[in-house]
Amino acid sequence: MIKKPNLDWLKTKGHVAEAKARLAEDAAQRKAAEKAPNSIIFGKQDAQGEYDAHRALMTTLGGQHRLITATDLATFRANIKKHQARFASAGITAKQVLSLASSQPIRNPTTGSSDLSRADAEIRVSIPVTAMVTSASGRKSLDVRFQTNAGPNSEVTRHNVLVRFFGYDEQSRALSATPTTGDKPKKAVTPKQAANALRRGYLAFECDCKRHRFFFRYLATAGGFNSGRDELGYPKINNPGLHGVACKHVLRTMAEINSSMPVLGFLERAMNKALLSADNTVRIQQSQADARAMAAKQQASPRVIAALAEAAKQAPKAKRTSHRARKMASSDAETRERAAATLAKEFGMSPEQLLALLARHK
Ligand SMILES: [Zn+2]
């Protein structure tokens with residue numbers, strides 16, 4: 001079963017400053033790398049065909065560490081196009097992040113593990129700590145800062161993930177037509193509905209870890225789902241095939257956004273503030289005590305474990321098959337399913353999630 005967590009790493013105070021300091025260091029190193037006389041950054045214009053072969057840059061495309069050739073430039077461009085074709089320009093959804101992490105993972109050549117399996121095994125908690133509204137081109141987004149524990153071999157104890165919910169603009173406007181006094185008309189949007197729309201909708205993200213920096217920041221930038229510094233240097237060594245989509249901290253966070261009741265509750269709290277706010281702004285900061293309480297609950301949450309296990313098994317059509325399967329099921333299986341349904345209800349899960357969880361923890 002699941003081990004009881006050590007939550008000493010969780011620190012709500014100063015989390016924004018910590019994230020900003022790490023990202024500022026990242027940005028400074030990146031700038032220096034680009035300015036260096038023998039810079040090895042393979043920029044946007046290099047990929048567009050202006051690459052000078054005398055620079056003798058290397059790639060690992062195809063599995064071997066070797067010089068970049070003219071054919072590689074075309075392959076890089078094709079990879080960019082293929083990557084971009086997967087996304088609406090509006091961003092990515094939490095569900096899509098989980099499903100892409102599962103369908104096109106980067107596997108560790110020695111252990112065979114992927115970012116998703118590491119998220120499942122090593123990242124126990126992702127807590128929303130603060131929420132605030134940001135504005136770009138007159139459209140508002142809700143920026144939620146999550147904090148996760150770091151993996152067992154990390155030099156730090158926690159990571160900070162910034163998720164930008166693009167649905168905020170539409171949902172906060174919809175709430176303007178919801179009365180705050182008296183009975184709510186049937187068609188009025190509730191903060192809970194708005195929160196649900198937010199978590200299912202388009203978003204962007206970044207993490208302050210090195211995995212995000214060296215493997216995924218470019219993908220997020222090219223795909224239109226980056227909530228931080230743009231990265232236009234092609235990951236020719238670390239991820240030339242543009243595989244995977246997010247680090248384990250982001251994946252755990254996406255699983256929470258997708259399935260956890262505490263995170264839904266947090267978003268509902270934010271949308272309730274939006275409902276009552278005169279200027280559509282929102283500011284939430286969780287106290288250390290509240291964050292710890294949420295973390296303790298969350299780390300044993302079968303819903304989220306099930307969501308990760310589910311994504312790991314890549315079963316996007318699970319519902320349809322199980323419906324058909326149910327129709328054909330023998331009475332024996334029906335009894336079993338009824339028992340699972342009752343139990344699932346108790347845990348606030350779907351029967352499919354419960355079965356996935358049980359299969360995993362046998
Ligand atoms: Zn990360």
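Counting convention: from 1, in listed order, for ligands and their atoms alike. Because the structure is a prediction, the values reported are computed rather than measured.
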Distance filter < 2.8 Å from the Zn ion (ligand 1), protein N/O/S hits 4

Exam field: side chain T75 to backbone T71, donor-acceptor pair closer than 3.5 Å: yes

Checking F165 now: which residues fulfil ring pair (Phe, Tyr, Trp, His ring centres under 6.0 Å) with it, not counting sequence neighbours? none

Would you say the ring centroid of F166 lies under 6.0 angstrom from that of Y202? no

Partners meeting ring pair (Phe, Tyr, Trp, His ring centres under 6.0 Å) with Y168 (sequence neighbours left out): none

With side chain to side chain donor-acceptor pair (under 3.5 Å) as the test, would you mind laying out the steps for R118 and S113 before giving the verdict? CA-CA 7 Å; R118 287 192 294 275; S113 78; 2.6 Å; yes

Run the side-chain donor-acceptor check on residues 41-50: report pairs under 3.5 Å with partners two or more places apart or on a different chain.
from : atom 1 : to  : atom 2 : distance (Å)
D46  : OD1    : R55 : NH1    : 3.3
D46  : OD2    : G43 : N      : 2.9
D46  : OD2    : R55 : NH1    : 3.0

